Number of protein chains: 2
Amino acid sequence: MTDFAKLKAHIQKRHSFTDSEANDFCQNFKMTRVKKRQFIVQPEFTAKNRFYVVQGSFRAYVIGDEGQEHTIQFAIEDWWITDYNSYIFQQPASMFVMALEDSIVLQINYETEQELKKRKHLYESFFRVLAEHTAAHMARRVILNLTKTAEQRFEFVQERYPEIVNRVPQYALASFLGITTEYLSKLRNKRVSPKS
Amino acid sequence: MTDFAKLKAHIQKRHSFTDSEANDFCQNFKMTRVKKRQFIVQPEFTAKNRFYVVQGSFRAYVIGDEGQEHTIQFAIEDWWITDYNSYIFQQPASMFVMALEDSIVLQINYETEQELKKRKHLYESFFRVLAEHTAAHMARRVILNLTKTAEQRFEFVQERYPEIVNRVPQYALASFLGITTEYLSKLRNKRVSPKS
DNA sequence: AAATCATCATGAACTGGTTCAACATGAAAT
DNA sequence: ATTTCATGTTGAACCAGTTCATGATGATTT
C-alpha cells in the first residue's frame, strides 16, 4: 500500500468519501521523510503543518522551567500529530515534535486545510470529527492524570497502548506518565521477579 | 438581554452568521432552569445534551476508586459544558455535571445537533471550531498538570480565571487542581499574613 | 576497536503533598 | 431558635514519588 493509500483508507474507514473525493482530498498532503531525532515542530516557530504518520513514531514534548522534558503526546502509524494550540491558532509553538525513528508522514499546511474546509461541507465535517476525537482523547487524559496514581497510570497505558509502551524509550514514557525515569524503572522491576 | 440573545451574541462574535441564520440556529436550543446541586449529567446515563451557560455556574466531576471527587471542568456564563466523551460518542457518562448555583442554560440535544451539522455547512463549521477550542483547551490543561507544581497551578488558575476561583467552593477548586482541600487551604494561607 | 553517548537500574536521603483527627463558622432546614 | 449540614482551617504523622549519586549496558561515531 502506498503512503497515500494509507491515508485514503484511514479517511474512508471513518467517513463516506467517494473514491474521487478521497483522492482529491489526499492530493493536498505532501509526503515527507523524517530522520530519527529530527524535529517537525519547534518552540518559537508557528506550527504550519498537521501530520499524519504513515510509518514510524513521534513524540511531542515541552521543556519545563527546570529543563525537564514532559511528553504531551506520542504518535505512531495512523495517528495525527502537531502542536495543537500552535496549529489551530497559528501562534508560536511551545512544543517540540521529534521523530523517535526514521519515519514517513503526510503533511497538510494550515492554509490548505482552511481552503479544504471552506470548499466542501464534507471536508469541513472530516476536520470537525478529527477535532472532536482529539478533544475527547485529551479529556480522557486529564481524567486519567487526576484520578489515578503513577502505578495505575502505567498499568493502564501499558494495557491500552502496548505498541507505544514497547516502542518508545523509557524516559519518554516516564515523562508522559508524569514521573521520573528512576521511578518508572522501579515500578517496572517491582512487577517482575521478586526474585524469591 | 434575553437568554437567546446571549447565545446569539456568542455565535455572532465568533462566526459570520447573518441574523436570520443565528435565529434559525438558536431555535434549536431549549431554555432550562437548573437549581443549585441539581445534576444535568449523571454517570451511567448517556449525556443527551450539550449546554450553553446563560447564567450561573457548573462543575463536571468524576468519582475516583476511593470515592474522592475530581473536578474536570467548570463552566460559568458564556461557556459550554457536558460530559464530552459521553456526548460525542453517545455512550454512558462517567461524570456528574452539577449546578453550583441556581442557573439558566440553553441546551441542544444530540440528534438536533447532528441534524444542524448536516443541514448547513456554516453550522458544521461552528461545531468544528467549538471542538477545536475544546481540544486546544484540554491540551493546555494537560500541559499545566504535567509541568507545574500544585502551588504554581493554583497561582496560574487564580490569575487566569479569577472569576472561577472566587466563585466556586474551595473543595471544588482543590479537586480541579488535583490536590486535597487541606493542602489548598494551606497554600492560600501561606500567601497571606505571615503574621509577623 | 575504541571512545563517546544515550538509555536504564539501584539505593539512600529527602520533600511535596496526603491522611487523619479535631475544631470553627455560617447557611439551610425544621 | 436549634439543629444539621456544608464548608474551611490547622497540626502532626506519614508516604508516593523525587533527587542525587553511581554504575551497567548497548548503540553510534570516529
Side-chain angles (χ1 to χ4, degrees), chain A residues 35-39 57 59 61 64-71 74 96 98-102 144-158 164-195, chain B residues 35-39 57 59 61 64-71 74 96 98-102 144-158 164-195:
Chain A
K35 287 244 151 186
K36 185 172 178 175
R37 290 200 187 80
Q38 188 183 326
F39 296 107
S57 56
R59 175 180 167 239
Y61 63 95
D65 296 336
E66 275 85 28
Q68 343 78 297
E69 298 182 357
H70 302 275
T71 299
F74 291 112
F96 294 91
M98 194 185 79
L100 288 168
E101 22 180 339
D102 290 355
L144 182 68
N145 283 311
L146 280 182
T147 58
K148 306 289 182 184
T149 65
E151 185 165 14
Q152 292 172 324
R153 271 165 4 234
F154 172 52
E155 281 165 4
F156 174 84
V157 171
Q158 198 171 228
I164 288 179
V165 172
N166 299 322
R167 195 158 161 188
V168 306
Q170 197 128 239
Y171 67 85
L173 178 60
S175 81
F176 178 84
L177 294 170
I179 59 178
T180 59
T181 57
E182 291 95 332
Y183 193 57
L184 177 55
S185 174
K186 281 163 200 174
L187 285 180
R188 258 206 162 119
N189 295 100
K190 182 171 154 187
R191 188 155 316 287
V192 291
S193 77
K195 193 184 146 200
Chain B
K35 287 244 151 184
K36 184 171 178 175
R37 288 199 190 81
Q38 188 182 327
F39 296 109
S57 55
R59 172 178 168 240
Y61 63 96
D65 297 335
E66 275 85 28
Q68 342 80 294
E69 298 182 357
H70 302 275
T71 299
F74 291 112
F96 295 90
M98 194 186 78
L100 289 169
E101 23 181 339
D102 291 355
L144 182 68
N145 283 323
L146 281 182
T147 57
K148 306 290 183 183
T149 65
E151 186 167 13
Q152 290 172 325
R153 269 160 11 230
F154 172 52
E155 281 166 3
F156 175 83
V157 171
Q158 197 172 229
I164 288 180
V165 172
N166 298 323
R167 196 159 161 187
V168 306
Q170 197 128 242
Y171 67 84
L173 179 60
S175 81
F176 178 85
L177 293 171
I179 59 179
T180 58
T181 56
E182 292 94 333
Y183 192 56
L184 178 54
S185 174
K186 281 163 198 172
L187 285 180
R188 258 205 162 119
N189 295 100
K190 183 170 154 187
R191 190 155 313 288
V192 289
S193 77
K195 193 183 144 202

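What you see is a predicted model, and the numbers here were worked out from it, not measured in a lab. A, B, ... follow the sequence lines: proteins, then strands. Residue 1 opens every chain.
With A:Glu155 contributing its side chain and A:Gln152 its backbone, the two residues share no donor-acceptor pair below 3.5 Å.
Counting only heavy atoms from C-beta outward, the side chains of B:Thr71 and B:Leu177 never approach each other to under 4.5 Å. Residues A:Arg167 and A:Glu101 form a side-chain contact, since some pair of their non-hydrogen atoms from C-beta on lies under 4.5 Å apart. Looking only at side-chain heavy atoms (C-beta outward), B:Arg153 and B:Ile179 come within less than 4.5 Å of each other.
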Output one letter per nucleotide in nucleotides 10-20 of chain C: B when a protein non-hydrogen atom lies under 4.0 Å from the base, S when only the sugar-phosphate is that close, - when neither is. BBB---SBBBB
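From B:Leu144, atom CG reaches atom CG of A:Asn145 across 11.5 Å, with rounding to the nearest 0.5 Å. In this structure, CG on A:Leu184 lies 11.0 Å from CD on A:Glu151, to the nearest 0.5 angstrom.
Remark: B:Arg59 qualifies as a cation-pi partner of B:Tyr61 under the 6.0 Å distance and 45° angle criteria applied to the six-membered ring.
Taking 4.0 Å as the cutoff to heavy atoms of chain A, we find the contact window on DNA chain D bounded by D:dA16 to D:dT28.
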